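Start at 1 and go down the list; that is how both ligands and their atoms are numbered. Worth saying up front: this structure is predicted, and the values here are computed from it rather than measured.
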Amino acid sequence: MKTIVTTAYRPNGKTDRLAAQAATDLSIPFVLRKKRSIEKIHAEECADVLVAAKGRLEFYPLGKTEPFFFHPNSAAFRTKRPIEEDPLIAVSNLEAGEVFFDCTLGMASDAIVAAYRVGSKGEVIGCESHPVLAYVIEQGLGQYDAMPHLDEAMKRIRVVSKNAVDVLKSLPDNAVDVVYMDPMFTEEITEASNFTPLRGTANNSQLTGEWVKEAVRAARKSVVLKAHFRSVDFEKYGFVRRVRPNTKFHYGFIDCRQQ
Ligand SMILES: C[S@@+](CC[C@H](N)C(=O)[O-])C[C@H]1O[C@@H](n2cnc3c(N)ncnc32)[C@H](O)[C@@H]1O
């Protein structure tokens, strides 16, 4: 799908510069806003629309009127609780100073929690195959300043705008400590509403044997999968499922030290 970039409804020097930068970075056309609504631009350009708004980038996939923009989401409250009790940290056994490879960056909430856990000596790499999404998140992680306790963690995440399976294949054996996968759920769940504008736009691909094999090869410690509680992928690909009563999603792990 083609993407164009425009400015806020009432542009100023800052939104003009932000839009011009995005056009260059993503090699996409810049289109004048001319006080048009998003719906009108969608209809006239037949394209997804990236908006350089005041202080942030907003992404409106064609036909959607709710924007996708960067926000720490669940990372905001998860990092205020004891971090070792966070379900992702507990299941992956991620520790300070380690390297966390997130195959499915999305909104980066899980990556922020991991970056907070690994601390200044650790590393977080986040793959996102949708280039515009990856750009919105990368810019947001670099600029967001409303939560000082997450500042360093956000800046620690290295966004890679590529398919994770290709990136995993390029890594040597045991290159990272933990590999994490959180593919799009095949059934919509109400808690995931911040992802609603991206349904039908984000990469919908599901786990494959090749993906799991490359993850196990690249991970020294564990491979973690998050999926809908009805998903059979845990059993299909050899993950030990951690049942979380009364939640819509479960985590599963493969202990790579026992492989
Ligand atoms: C459910 S979301 C992940 C949410 C994320 N864990 C978070 O905390 O916000 C899945 C994301 O992974 C991306 N994705 C799916 N398969 C991918 C792949 N093979 N490589 C890179 N990105 C992928 C999708 O485009 C989508 O943005």
For this session: Counting heavy atoms only, name the option from D102, V165, L105 that's nearest to atom 5 (C) of ligand 1.
Result: L105
For this session: Would you mind checking if K221 and D177 are paired as a salt bridge, meaning a charged N to carboxylate O distance below 4.0 Å?
Result: no
Exercise. For Y251, which residues count as a ring pair (Phe, Tyr, Trp, His ring centres under 6.0 Å) partner, sequence neighbours excluded?
Worked result: F249
Problem set entry | Option nearest atom 19 (N) of ligand 1 (shortest heavy-atom distance, choices V167, L133, N163) | N163
Problem set entry | Atoms of ligand 1 close to M107 [distance to a heavy atom under 4.0 angstrom, numbered from 1] | 7 (C), 9 (O)
For this session: Provide the number and element of each atom of ligand 1 under 4.0 Å from a heavy atom of A202.
Result: 24 (C), 25 (O), 26 (C), 27 (O)
Exercise. What protein heavy atom sits nearest atom 23 (C) of ligand 1, and how far away is it?
Worked result: S129 OG, 3.6 Å
For this session: Between K226 and ligand 1, find which residue part has any heavy-atom pair under 4.0 Å and reply side chain, backbone, both or neither.
Result: neither
Problem set entry | Within residues 41-50 or reaching into it, pairs that qualify as side-chain hydrogen bond (donor to acceptor under 3.5 Å, both in side chains) - sequence neighbours excluded | R36-E44
For this session: Using atom types as modelled and distance alone, determine if a side-chain donor or acceptor of Q206 lies under 3.5 Å from a backbone N or O of N204.
Result: yes
For this session: Would you mind telling me if ligand 1 is within reach of the side chain of C103, the backbone, both or neither, using heavy atoms under 4.0 Å?
Result: backbone
For this session: Evaluate whether atom CD of E84 has more than 12 neighbouring non-hydrogen atoms of other residues, nucleotides or ligands under 6.0 angstrom away.
Result: yes
For this session: Measure A108 to ligand 1 on non-hydrogen atoms and call it side chain, backbone, both or neither using the 4.0 Å cut-off.
Result: backbone
For this session: Note the single closest protein heavy atom to atom 10 (C) of ligand 1, along with its residue, its atom name and the distance in Å.
Result: D182 O, 3.3 Å
For this session: Mark up the atoms of ligand 1 that fall under 4.0 Å of a heavy atom belonging to C127, in ascending order.
Result: 21 (C), 22 (N)
Problem set entry | Nearest protein heavy atom with distance in Å, relative to atom 27 (O) of ligand 1 | E128 OE1, 2.6 Å
Exercise. Does the ring centre of H130 sit less than 6.0 Å away from the ring centre of F59?
Worked result: yes
For this session: Find all atoms of ligand 1 within a distance of less than 4.0 Å from any non-hydrogen atom belonging to S109, and give their numbers and elements.
Result: 7 (C), 8 (O), 9 (O)
Problem set entry | K155 bridged to E152 by N-O distance under 4.0 Å | no
Problem set entry | A20 backbone acceptor or donor facing T24 side chain under 3.5 Å | yes
For this session: Could you list the atoms of ligand 1 found under 4.0 angstrom from a heavy atom of K162?
Result: 21 (C)
For this session: For atom 3 (C) of ligand 1, find the nearest protein heavy atom and state the residue, atom name and distance (0.1 Å precision).
Result: T104 O, 3.3 Å
For this session: In plain terms, say whether K162 and E128 are close enough for a salt bridge, that is, a side-chain N and a carboxylate O under 4.0 Å apart.
Result: no
Seminar exercise, completed: Note: W211, heavy atoms under 4.0 Å from ligand 1, region reported as side chain
